[in-house]
Every structure is written in C-alpha cells, then in structure tokens.
Q: 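For reference, the structure I am asking about is given below.
Quick note: numbers below take in every heavy atom, side chains included, and nothing from hydrogens, waters or symmetry partners. Atoms within each ligand, like the ligands themselves, are counted from 1 in listed order. We count residues from 1, following the sequence as given.
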Amino acid sequence: MNWPASVTIKEVGPRDGLQNEQVFVSTADKIAWINQLSGTGVTSIEITSFVNPKWIPALADAAEVAKGIERMPGITYSALVPNRQGLERALAVDMDEVAVFMSVSESHNQRNINKSSSAAFPILREVVQEALSAGKSVRGYVSTVFGCPYEGPVSIDEVIRVSETLFDMGIGELSLGDTIGIANPQQVQRVLDILLKRFDANKLALHFHDTRGTALANIVVSMDMGITTFDASVGGLGGCPYALGASGNVASDDLLYMLEAMGIQTGVDQEKLLAAAIFIQEKIGRDLPSRNLQVSRSNG
Ligand code: HMG
Ligand code: MG
C-alpha cells in the first residue's frame, strides 16, 4: 500500500462534536477546551457554526466562543456558515476560514437547511465570493456522499455535480462527508477512484462518521489512494442532528494513535490530545466512544 509521510488531522469536535450533544457545554468550558486543543499541535480547528441558533442551540454562543479563544499562530480557526447572515456573523468575529455545506441528497438538504440544492447554491455562491473577497479561506463540505439516511444510495453523478459546483464557486478544499457513517472500504475506493480523475487529492479531505465502526478502515483506503487530510473529533464526539442514525466523527485520538504507530507524521501530541478528550468527556458527563478513552478509563 502507499502510505503518506504525513497527514493533516482537522479537529471538528467543537462544531460537529458539540452540535449534536444534549448537554450545553458552557461558553467558558468551550473556550478552555479549544485553547487546550490549540496546544496539541493540530493546525486546523472548526470551532463553531454560525447557523440559526434555534436549529442548533448547542452552538448558540458562537460569537462569544470565537471572541474568547486565544488564537495561536499557525492554526486556522474555522466555522460553518449556511448563508449570508452566518457569514456576516463569522466575519464580525474575524474567523480565518468559513465552511459551507451542501448535501448530495435533496431530502437531507431539506431537513438540514430547509431548502433544495437549487435554492441553496446561489446563496452559497454569494457567501463564498464574499468570504474570499474578505481574505478568508473557504472550505466546502459535501454530505451524504456514501448514502443518505432518507434516500439510501446516492448517485455518484450527483456527488460529482455538487463537488464541481462547490469548486467552481472558489472553495479551496472539499471535505467528502460520510454523514451517517455508512461507508465501507471498497465503496470508498470506488468513489475516490472516480473523484480523483476530476479533483486533486490535495484538494480533498475525508470526513468519516464512525457509526458502524468502519471509519479507520475507510481512512486506510483513502490514504492508499493519496488522501492526506482527515476530519476528526476528539473522543469521537458528534453527529449530524438532521441525519437519522448519525453518530460521532472518527475519534481524533484513535486516528492519531494509528497514524503514529504507522510512522505517519501529524505534528499532534498524543498525550495532549487525549487530555483534551478527557476534558470534554467530563463536561459532557458521559463516556465518549473513542477506544483510547476506553483504554485510559480502564487504566484508571
Ligand atoms: P430557515 O429557518 O429556513 O431560515 O433556516 P430563514 O432564512 O427562513 O430565517 C428564519 C430565521 O432564522 C430568521 O430569524 C433568521 O434571522 C434566522 P427570525 O426572524 O425567525 O427570528 N437565521 C439565522 N440566525 C442566525 N444565523 C444564521 C441565520 N440564518 C437564518 N446564519 C438555515 C435556514 C440554513 C439558517 C437553518 O436551516 C440552519 O441553521 N441549518 C443548520 C443546520 C445545521 O447546522 N446542521 C448541521 C451542520 S451540517 C453537518 O453536520 C454535516 C457535516 O458535518 C458534513 C457531514 O457529516 O456530512 C458538515
Ligand atoms: Mg459531520
């Protein structure tokens, strides 16, 4: 297999992780946790989202969090935005990067953003253009790439169409979302085989949820195919509240353990990352699913 020399882990726990939690983590605790994550060696943290707080109450304090954290040089602080209002809120607190999102499947778009893709694309195009002219980098997510909770299998042509549209708007990187953690390694190979004929591997990231325990296997296959950027949440926090059956992202600490053991550089410190997972586990008040947390719990 082809192993990369290094991999970038993008920490999305403060956004994807917290958005689905029932417990409201206080603003002060979010800030302390993000500052702790900033000290682990990660170079990108998605700290919150500027969506409608009625839809995602867990992140209603987005602006306070963005204003309260210490910004470390060399780290890109990113936030999810669904529309112009979200972008304005993100620009007001000087985010480095914004991330726009779009699903391959119409039913998921309706539930997630209350719109069809044809209604949402012009809005996103404006958001991307404005963010770029404000000097921000822009990331795109395409959701339900490997299957939709409402529609089942999705068409690869539709994945290509949505991805091309987002790139055409000017996004710098596209993160391919396995929103409900349904992908398997063969499918990942098949999908990437097609997408890599159209898009550069270094412009793609993979975003696996680990609902069914296949995320690390999917990452191994993705690395073999030339992908070197992966989204993850410490402790395996997270899920999409509008995707039935979606559980947490692949755990950053489990991913890091595997990469380190394979001699693949990440620049992230295992002990510090695990400490950040333990911190948020205590605030959430339940055992989080990552295997490394399980090991640390059983070691007392
Ligand atoms: P809507 O209700 O259709 O919005 O929501 P609207 O434009 O009709 O406005 C209604 C109200 O929302 C108004 O307020 C607006 O001001 C307000 P009111 O007059 O009723 O008081 N509003 C906002 N407030 C604050 N910030 C904003 C904003 N926009 C409107 N940005 C909207 C449309 C898209 C906003 C809504 O559906 C929404 O917030 N959706 C977000 C859902 C979400 O966050 N989902 C999870 C993230 S996606 C994900 O997890 C997948 C991913 O991880 C990848 C993967 O795993 O595949 C990225
Ligand atoms: Mg997600």
Q: Can Lys30 be said to sit on top of Phe24's aromatic six-ring, NZ or CZ under 6.0 Å from centre and within 45° of the ring axis?
A: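 Yes, Lys30 lies over the aromatic ring of Phe24.
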Q: Check each heavy atom of Asn83 against ligand 1 and say whether those closer than 4.0 Å belong to the side chain, the backbone, both or neither.
A: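 Side chain only.
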Q: Starting from atom 13 (C) of ligand 1, find the nearest protein heavy-atom neighbour and note its residue, name and distance.
A: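 Protein heavy atom at minimum distance: Asn52 ND2, 4.8 Å.
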Q: Just by distance, with hydrogens left out, do Thr144 and Thr179 show a side-chain donor and acceptor under 3.5 Å apart?
A: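 Note: Thr144 and Thr179 side chains miss the donor-acceptor criterion.
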Q: Write out the residue and atom name of the closest protein heavy atom to atom 51 (C) of ligand 1, then the distance separating them to 0.1 Å.
A: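 Protein heavy atom at minimum distance: Ser143 OG, 3.6 Å.
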Q: Among Ile113, Val12, Val51, which one puts a heavy atom closest to atom 33 (C) of ligand 1?
A: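 Nearest heavy atom to atom 33 (C) of ligand 1 lies in Ile113.
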Q: Determine whether more than 12 heavy atoms belonging to other residues, nucleotides or ligands lie under 6.0 Å from atom OH of Tyr77.
A: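 Yes, the 6.0 Å shell around OH holds more than 12 heavy atoms from other groups.
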Q: Distance under 4.0 Å to a non-hydrogen atom of Phe50: what atoms of ligand 1 satisfy this?
A: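 Close to Phe50: 26 (N), 27 (C), 31 (N).
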Q: Have a look at Val81, Asn112, Asn249 and point out the one with the heavy atom closest to atom 40 (N) of ligand 1.
A: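 It is Asn112 whose heavy atom sits nearest to atom 40 (N) of ligand 1.
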Q: Report yes if Ser49 has an N/O atom closer than 3.5 Å to an N/O atom of ligand 1; otherwise report no.
A: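 There is no such contact.
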Q: Once you restrict to heavy atoms under 4.0 Å, what part of Pro82 touches ligand 1? Side chain, backbone, both or neither.
A: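 Answer for Pro82: side chain.
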Q: Below 4.0 angstrom, N of the basic side chain to O of the carboxylate: do Lys10 and Glu46 qualify?
A: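 Answer for the salt bridge query: no.
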Q: Short check: is a protein heavy atom less than 4.0 Å from atom 37 (O) of ligand 1?
A: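 It does; a protein heavy atom is within 4.0 Å.
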Q: Determine whether Ile156 and Val145 make a side-chain contact, defined as any pair of heavy atoms from C-beta on separated by less than 4.5 Å.
A: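 Ile156 vs Val145: side chains apart.
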Q: Would a 4.0 Å cut-off, counted as strictly less than, catch a protein heavy atom around atom 4 (O) of ligand 1?
A: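 Under 4.0 Å from atom 4 (O) of ligand 1, zero protein heavy atoms found.
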Q: Using a heavy-atom cut-off of under 4.0 Å, does the side chain or the backbone of Asp16 touch ligand 1, or both, or neither?
A: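 Within the 4.0 Å criterion, Asp16 contacts ligand 1 through side-chain atoms alone.
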Q: Below 4.0 angstrom, counting only protein heavy atoms, does anything approach atom 9 (O) of ligand 1?
A: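 No, no protein heavy atom sits under 4.0 Å from atom 9 (O) of ligand 1.
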Q: Tell me the closest heavy-atom pair linking Val162 and Val104, and the distance in Å.
A: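 Val162 and Val104 have their closest heavy atoms at CG2-CA, 4.3 Å.
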Q: Using a 6.0 Å distance limit plus a 45 degree cone around the ring axis, check whether Arg15 lies over the aromatic ring of Tyr141.
A: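 Cation-pi check for Arg15 and Tyr141: passes.
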Q: So is Arg84 touching ligand 1 or not, going by heavy atoms under 4.0 Å?
A: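 So Arg84 does not count as touching ligand 1.
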Q: Under a heavy-atom criterion of less than 4.0 Å, does Pro53 contact ligand 1?
A: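 Yes, that is the case, since the closest heavy atom of the residue is under 4.0 Å from the ligand.
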Q: Taking the side chain as C-beta and beyond, is there a heavy-atom pair between Leu87 and Gln85 under 4.5 Å?
A: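 No; the side chains remain at least 4.5 Å from each other.
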Q: For the residue pair Asn249 and Gly17, what are the closest heavy atoms and their distance?
A: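 Looks like OD1-N, 4.2 Å.
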Q: Please find the pair of heavy atoms, one from Leu37 and one from Ala276, that lie closest to each other, and give the distance.
A: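 What the structure gives for the nearest pair is CD2-CB, 3.7 Å.
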Q: Among all protein heavy atoms, pick the one closest to atom 1 (P) of ligand 1 and tell me residue, atom and distance.
A: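 Sorting protein heavy atoms by distance from atom 1 (P) of ligand 1 puts Asn114 ND2, 3.8 Å first.
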Q: Which residue supplies the protein heavy atom nearest to atom 7 (O) of ligand 1, what is that atom called, and how far is it?
A: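 For atom 7 (O) of ligand 1, the nearest protein heavy atom is Lys115 NZ, 4.5 Å.
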Q: Would you confirm whether the ring centroid of Phe199 sits within less than 6.0 angstrom of the ring centroid of Phe167?
A: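 Under 6.0 Å, so yes.
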Q: Please confirm if an N, O or S atom belonging to Asp16, backbone or side chain, lies less than 2.8 Å from the Mg ion (ligand 2).
A: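 Yes, Asp16 qualifies, because one of its backbone or side-chain N, O or S atoms lies under 2.8 Å.
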Q: Are any non-hydrogen protein atoms located under 4.0 Å from atom 29 (N) of ligand 1?
A: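 At least one protein heavy atom is under 4.0 Å away.
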Q: List the atom of Thr211, the atom of Gly181, and the distance in Å for their closest heavy-atom pair.
A: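 Thr211 and Gly181 have their closest heavy atoms at OG1-CA, 3.5 Å.
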Q: Between Tyr141 and ligand 1, does any nitrogen or oxygen pair lie at a separation below 3.5 Å?
A: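 Not met; the criterion fails.
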Q: Which value, rounded to 10°, describes the NE2(His207)-the Mg ion (ligand 2)-NE2(His209) angle?
A: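 Seen from the Mg ion (ligand 2), NE2 and NE2 are separated by roughly 90°.
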Q: Going by the atom numbers of ligand 1, which of them fall below 4.0 Å from some non-hydrogen atom of Phe101?
A: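 Near Phe101, meaning under 4.0 Å from one of its heavy atoms, ligand 1 has 48 (S).
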Q: Show which atoms of ligand 1 fall inside a sub-4.0 Å distance from at least one heavy-atom site of His207.
A: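 So the answer, numbered in order with elements, is 53 (O), 54 (C), 55 (C), 56 (O).
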Q: May I ask you to say whether Lys272 pairs ionically with Asp253, meaning some side-chain N is under 4.0 Å from a carboxylate O?
A: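 Between Asp253 and Lys272 there is no salt bridge, as every charged N stays at least 4.0 Å from the carboxylate O atoms.
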Q: List every atom of ligand 1 that sits less than 4.0 Å from any heavy atom of Gly86, numbering the atoms from 1 in the order shown and giving each element.
A: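 Answer, ordered by atom number: 31 (N).
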Q: Counting only heavy atoms on the protein side, is anything nearer than 4.0 Å to atom 48 (S) of ligand 1?
A: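 Answer yes: something from the protein, a heavy atom, is under 4.0 Å.
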Q: Is there a polar contact between ligand 1 and Thr179, counting only N or O atoms under 3.5 Å apart?
A: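 N/O-N/O distance under 3.5 Å: yes.
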Q: Which bit of Arg139 gets closer than 4.0 Å to ligand 1, counting heavy atoms only: side chain, backbone, both or neither?
A: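 No part of Arg139 comes within reach of ligand 1.
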Q: Give the residue, atom name and distance (to 0.1 Å) of the protein heavy atom nearest atom 22 (N) of ligand 1.
A: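 It is Gln85 OE1, 3.3 Å.
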Q: Of the listed options (Gln19, Met102, Lys54, His108), which comes nearest to atom 50 (O) of ligand 1 when hydrogens are ignored and any heavy atom counts?
A: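 Minimum heavy-atom distance to atom 50 (O) of ligand 1 goes to Gln19.
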Q: Which atoms of ligand 1 have any heavy atom of His209 under 4.0 Å away?
A: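 With His209 as reference, the close atoms of ligand 1 come out as 56 (O).
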Q: Is Arg161 salt-bridged to Asp168, going by a charged N under 4.0 Å from an acidic O?
A: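 Looking at Arg161 and Asp168, the cut-off is not met.
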Q: Which heavy atom of Val128 sits nearest to which heavy atom of Gly170, and what is that distance?
A: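 Minimum heavy-atom contact is CG1-C, 4.1 Å.
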Q: Among all protein heavy atoms in this structure, tell me which lies nearest to atom 2 (O) of ligand 1, with the distance rounded to 0.1 Å.
A: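 Checked against all protein heavy atoms, atom 2 (O) of ligand 1 sits closest to Trp55 NE1, 3.5 Å.
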Q: Should the pair Arg111 and Tyr150 be classed as cation-pi, given the thresholds of under 6.0 Å to the six-membered ring centre and 45° from the axis?
A: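 The answer is yes, since Arg111 meets both limits relative to Tyr150.
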Q: Do me a favour and list the nearest non-hydrogen protein atom to atom 25 (C) of ligand 1 with residue, atom name and distance?
A: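 The closest one turns out to be Arg89 NH1, 3.3 Å.
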Q: Nearest to atom 52 (C) of ligand 1, what protein heavy atom do you find, and at what distance?
A: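 Looking at atom 52 (C) of ligand 1, the protein heavy atom closest to it is Arg15 NH2, 3.8 Å.
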Q: Hey, quick one: are Val65 and Met72 part of the same hydrophobic cluster, counting side-chain heavy atoms closer than 4.5 Å, chains of contacts allowed?
A: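 Yes, Val65 connects to Met72 through the hydrophobic network.
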Q: Ligand 1 versus Ile56, non-hydrogen atoms closer than 4.0 Å: side chain, backbone, both, neither?
A: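 The side chain, only.
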Q: With heavy atoms under 4.0 Å as the rule, classify the contact between Leu80 and ligand 1 as side chain, backbone, both or neither.
A: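 Near ligand 1, Leu80 shows its side chain, while the N, CA, C and O stay back.
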Q: Is there a side-chain contact between Val81 and Phe101 in this structure, where contact means two heavy atoms from C-beta onward sitting under 4.5 Å apart?
A: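 No - every pair of side-chain heavy atoms lies 4.5 Å or more apart.
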Q: Under the side-chain hydrogen bond (donor to acceptor under 3.5 Å, both in side chains) test against Arg286, which residue among Gln22, Glu21, Gln281 passes?
A: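 Checked Gln22, Glu21, Gln281 against Arg286; only one passes side-chain hydrogen bond (donor to acceptor under 3.5 Å, both in side chains): Glu21.
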